[in-house]
Amino acid sequence: MKNLILLILLFLPLYACSDKSKQEKKEAESTNTNIRHVVVFNLKHELDDPKTAKFLEEGKERLTAIPEVKNFQVFRQVSKKTNFNFCFYMEFADSTAYKTYNDNPEHVKFVKERWETEVSDFMEIDLENYK
């Protein structure tokens with residue numbers, strides 16, 4: 001009986017460590033597959049032009065309607081360290097979700113109708129966690 005208790009006490013910490021390692025690995029893998037899509041841009045409209053607000057609002061409305069888009073945010077630049085005024089930020093579960101978004105007819109339509117006609121300059125950055 002003492003030997004059984006001793007064996008349990010010896011292997012219990014190993015089992016706990018094994019489960020913790022598996023959980024940490026699972027969380028890391030989950031995080032590493034996320035893609036962060038960051039697009040900084042300028043519009044042809046003046047900053048205080050109602051067309052600017054309409055573009056940003058419509059962009060948010062139309063792009064968040066695409067199921068693969070997660071955590072969509074619109075930002076306005078506050079620093080003088082860059083020449084870009086705005087940013088669309090969104091996340092995707094993985095590269096498949098990102099490709100699906102890019103090919104989505106609503107995304108293609110927004111790019112054709114609004115982006116290509118109203119954006120004067122942009123830079124797109126697609127990121128994943130460094131593995």
Side-chain angles (χ1 to χ4, degrees):
M1 184 68 173
K2 285 182 182 180
N3 288 342
L4 180 60
I5 293 172
L6 185 58
L7 282 174
I8 291 172
L9 290 174
L10 284 173
F11 287 104
L12 190 57
L14 293 175
Y15 177 76
C17 289
S18 173
D19 280 352
K20 186 176 179 183
S21 298
K22 288 177 188 175
Q23 182 63 28
E24 288 172 352
K25 184 176 180 183
K26 186 177 179 180
E27 289 172 2
E29 288 171 353
S30 171
T31 303
N32 284 338
T33 60
N34 289 350
I35 295 185
R36 282 91 172 160
H37 179 62
V38 183
V39 185
V40 291
F41 59 95
N42 290 323
L43 294 171
K44 294 177 181 177
H45 317 300
E46 295 297 321
L47 293 177
D48 58 351
D49 189 321
K51 291 177 185 176
T52 295
K54 185 175 180 182
F55 178 91
L56 298 173
E57 291 164 8
E58 187 176 325
K60 182 176 183 177
E61 180 182 315
R62 290 173 70 175
L63 298 176
T64 58
I66 299 171
E68 290 76 17
V69 173
K70 305 297 180 209
N71 195 24
F72 185 95
Q73 297 177 49
V74 178
F75 295 101
R76 180 180 59 84
Q77 179 58 251
V78 296
S79 170
K80 302 251 186 248
K81 295 178 183 177
T82 182
N83 292 326
F84 294 107
N85 293 315
F86 300 103
C87 174
F88 282 169
Y89 171 90
M90 60 196 89
E91 296 175 1
F92 299 94
D94 53 32
S95 58
T96 301
Y98 178 60
K99 181 176 179 353
T100 301
Y101 157 79
N102 269 322
D103 297 339
N104 184 293
E106 287 304 314
H107 173 255
V108 172
K109 187 177 177 181
F110 177 77
V111 169
K112 187 75 173 162
E113 292 176 356
R114 301 299 301 269
W115 192 267
E116 291 178 358
T117 60
E118 297 180 64
V119 172
S120 61
D121 192 18
F122 74 97
M123 180 172 50
E124 185 173 321
I125 304 169
D126 299 309
L127 307 163
E128 68 180 2
N129 285 351
Y130 180 73
K131 296 178 183 180

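Everything quoted here is computed from the prediction, not taken from an experiment.
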Donor-acceptor contact present, side-chain [X] to main-chain [Y], <3.5 Å:
X: Glu46; Y: Asp48; answer: no
X: Asn85; Y: Asn42; answer: no
X: Lys44; Y: Thr117; answer: yes

Between [X] and [Y], which heavy-atom pair has the shortest distance, and what is it?
X: Glu106; Y: Asn104; value: N-OD1, 2.7 Å
X: Glu118; Y: Lys51; value: OE1-O, 4.3 Å
X: Thr64; Y: Val69; value: CA-CG1, 4.5 Å
X: Val38; Y: Cys87; value: CG1-SG, 3.7 Å
X: Asn102; Y: Val108; value: O-CG2, 3.7 Å
X: Ser79; Y: Lys81; value: OG-N, 3.0 Å

Cluster check [X], [Y]: I/L/V/M/F/W/Y, side chain < 4.5 angstrom:
X: Phe110; Y: Val40; result: no
X: Ile66; Y: Val74; result: yes
X: Val119; Y: Met90; result: yes
X: Tyr98; Y: Phe122; result: yes
X: Tyr101; Y: Val111; result: yes

For this session: May I ask you to check whether over 12 heavy atoms, not counting those of Asp103, lie within 6.0 Å of atom CG?
Result: yes
Problem set entry | Residues Arg114 and Glu58 bridged, charged N to O under 4.0 Å | yes
Problem set entry | Salt-bridge criterion met for Arg62 and Glu113 (N-O under 4.0 Å) | yes
Exercise. Among side-chain atoms of Glu91 and Asn34, is any donor-acceptor pair under 3.5 angstrom?
Worked result: no
Problem set entry | Sole residue of Phe75, Phe88, Phe84 in ring-ring contact (aromatic ring centres under 6.0 Å, His included) with Phe41 | Phe88
